[in-house]
Amino acid sequence: MALRGAEVKVGEIHEQVLVEDLTRTQIVQYAGASGDYNPLHTDVVYARDAAGYPGVFAHGMLAMGMTARAVTDLVGDGRLTRYGVRFKSQVWPGDRLTARVTVAGLREADGVSLVDLDVVTVNARGEEVIAGYATARVD
């Protein structure tokens with residue numbers, strides 16, 4: 001279903017839980033899907049002993065992709081025209097991630113109705129792990 005411009009208001013917030021309890025298995029599955037086998041994401045001993053982290057952590061692009069799903073769930077398939085994020089904090093196994101998509105504006109460009117969105121994903125502690133923006137076509 002496509003988002004309708006007449007049905008959204010600037011300032012409106014949509015929240016979606018992306019994952020309740022991110023597992024190491026999910027992180028390793030993403031490594032396989034992406035081809036990014038950096039040992040910081042897959043090897044606890046390396047991440048802890050060689051790199052000084054408490055353990056492995058998720059790929060930034062995994063969190064970005066989960067966040068993008070929340071955006072496309074809101075705006076509909078084939079509607080997204082722009083999407084970008086900053087990685088603000090690491091995502092650890094066991095994290096609960098929630099995306100918050102806020103309607104920042106409605107506009108028209110070249111005869112196309114658009115919605116601009118602010119996008120933030122937070123962990124269970126309320127720390128931002130992703131912050132970004134998106135633009136999508138609306139009916």
Side-chain angles (χ1 to χ4, degrees):
M1 184 169 95
L3 189 66
R4 297 181 154 314
E7 296 173 356
V8 296
K9 292 182 173 52
V10 173
E12 187 175 307
I13 298 171
H14 300 266
E15 283 194 0
Q16 181 174 328
V17 174
L18 305 175
V19 62
E20 287 285 348
D21 178 8
L22 184 67
T23 66
R24 286 189 53 218
T25 299
Q26 288 171 301
I27 295 169
V28 171
Q29 286 173 328
Y30 182 81
S34 68
D36 181 352
Y37 290 100
N38 185 316
L40 291 173
H41 306 300
T42 58
D43 185 334
V44 173
V45 174
Y46 176 84
R48 186 184 55 234
D49 296 345
Y53 291 101
V56 296
F57 53 91
H59 304 72
M61 294 299 286
L62 173 57
M64 182 181 182
M66 288 178 166
T67 301
R69 186 188 75 216
V71 174
T72 58
D73 284 353
L74 174 64
V75 301
D77 291 338
R79 299 288 180 152
L80 196 60
T81 62
R82 195 172 78 122
Y83 177 60
V85 304
R86 284 188 339 264
F87 303 113
K88 302 210 44 189
S89 185
Q90 287 160 318
V91 174
W92 303 96
D95 273 352
R96 179 182 197 265
L97 300 178
T98 303
R100 187 171 44 244
V101 181
T102 304
V103 177
L106 293 161
R107 61 188 169 93
E108 192 168 308
D110 298 322
V112 177
S113 295
L114 300 168
V115 62
D116 293 317
L117 306 166
D118 291 330
V119 181
V120 174
T121 296
V122 298
N123 60 26
R125 296 173 300 285
E127 300 164 336
E128 287 186 5
V129 297
I130 295 277
Y133 58 86
T135 299
R137 292 188 318 278
V138 291
D139 290 338

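Along the sequence shown, residues carry numbers from 1.
- Residues Met64 and Ile130 come closest through the heavy atom pair N-CD1, 4.0 Å.
- Considering all non-hydrogen atoms of both residues, Thr135 and Leu80 come closest at O-CD1, 3.5 Å.
- Between Leu97 and Val129, the shortest heavy-atom contact is CD2-CG2, 4.1 Å.
- Under the 4.5 Å side-chain contact rule for hydrophobic residues, Val119 and Phe87 share a cluster.
- Side-chain N/O atoms of Thr98 and Arg96 include a donor and acceptor closer than 3.5 Å.
- Two residues are said to be in side-chain contact when any heavy atoms from C-beta on lie closer than 4.5 Å; Arg69 and Gln16 meet this criterion.
- Contact of the Leu117 side chain with the Val115 side chain is registered, since non-hydrogen atoms from C-beta on lie closer than 4.5 Å.
- Here the CG-OG1 distance, from Leu74 to Thr72, works out to 9.0 Å after rounding to the nearest 0.5 Å.
- Side-chain N or O atoms of Asn123 include one that pairs as donor or acceptor with a backbone N or O of Gly126 at under 3.5 Å.
- When all heavy atoms of Ala58 and Leu22 are compared, the pair lying nearest together is CB-CD2, 3.8 Å.
- Annotation for Arg100 and Val122: closest pair NH2-CG1, 4.0 Å, computed over non-hydrogen atoms.
- Side-chain contact check for Glu12 and His14: at least one donor-acceptor pair (N or O, by modelled atom type) lies under 3.5 Å.
- In summary, Asp95 and Arg125 engage in a salt bridge, as defined by a charged side-chain N under 4.0 Å from a carboxylate O.
- Salt bridge status for Arg107 with Asp116: present, with a side-chain N to carboxylate O gap under 4.0 Å.
- Note on Val101: it clusters hydrophobically with Val19, by side-chain heavy-atom contacts below 4.5 Å among ILVMFWY residues.
- Within the 4.5 Å cutoff, no side-chain heavy atoms of Arg79 are placed close to those of Val138.
- Transitive grouping of hydrophobic side chains (ILVMFWY, heavy atoms separated by less than 4.5 Å) keeps Val44 and Val28 in distinct clusters.
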Going through the checks in order, is the side chain to side chain contact (heavy atoms under 4.5 Å, CB included) test met by Leu114 and Leu106?
CA-CA 6 Å; Leu114 300 168; Leu106 293 161; over 6 Å; no
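- Cluster membership for Val91 and Tyr30, using ILVMFWY side-chain heavy atoms within less than 4.5 angstrom, is shared.
- Judged by distance alone, the side chain of Ser34 and the main-chain N or O of Asp36 form a donor-acceptor pair under 3.5 Å.
- Counting all heavy atoms, side chain and backbone alike, Pro93 lies closest to Phe57 at CD-CA, 4.4 Å.
- Heavy-atom neighbours of Arg86 CZ from other residues, nucleotides or ligands within 6.0 Å: at or below the threshold of 12.
- Contact check on Arg48 versus Asp43 returns no salt bridge, with no Lys/Arg side-chain nitrogen under 4.0 Å from an Asp/Glu carboxylate oxygen.
- At a threshold of 4.5 Å between non-hydrogen side-chain atoms, the residues Val56 and Leu40 do not count as touching.
- The aromatic rings of Tyr53 and Trp92 sit tilted relative to each other, their planes meeting at an angle between 30° and 60°.
- In this structure, Val71 is a member of the same hydrophobic cluster as Val8, with clusters built from ILVMFWY side-chain heavy atoms closer than 4.5 Å.
- With a 4.5 Å cut-off on side-chain heavy atoms, His59 and Ile27 count as touching.
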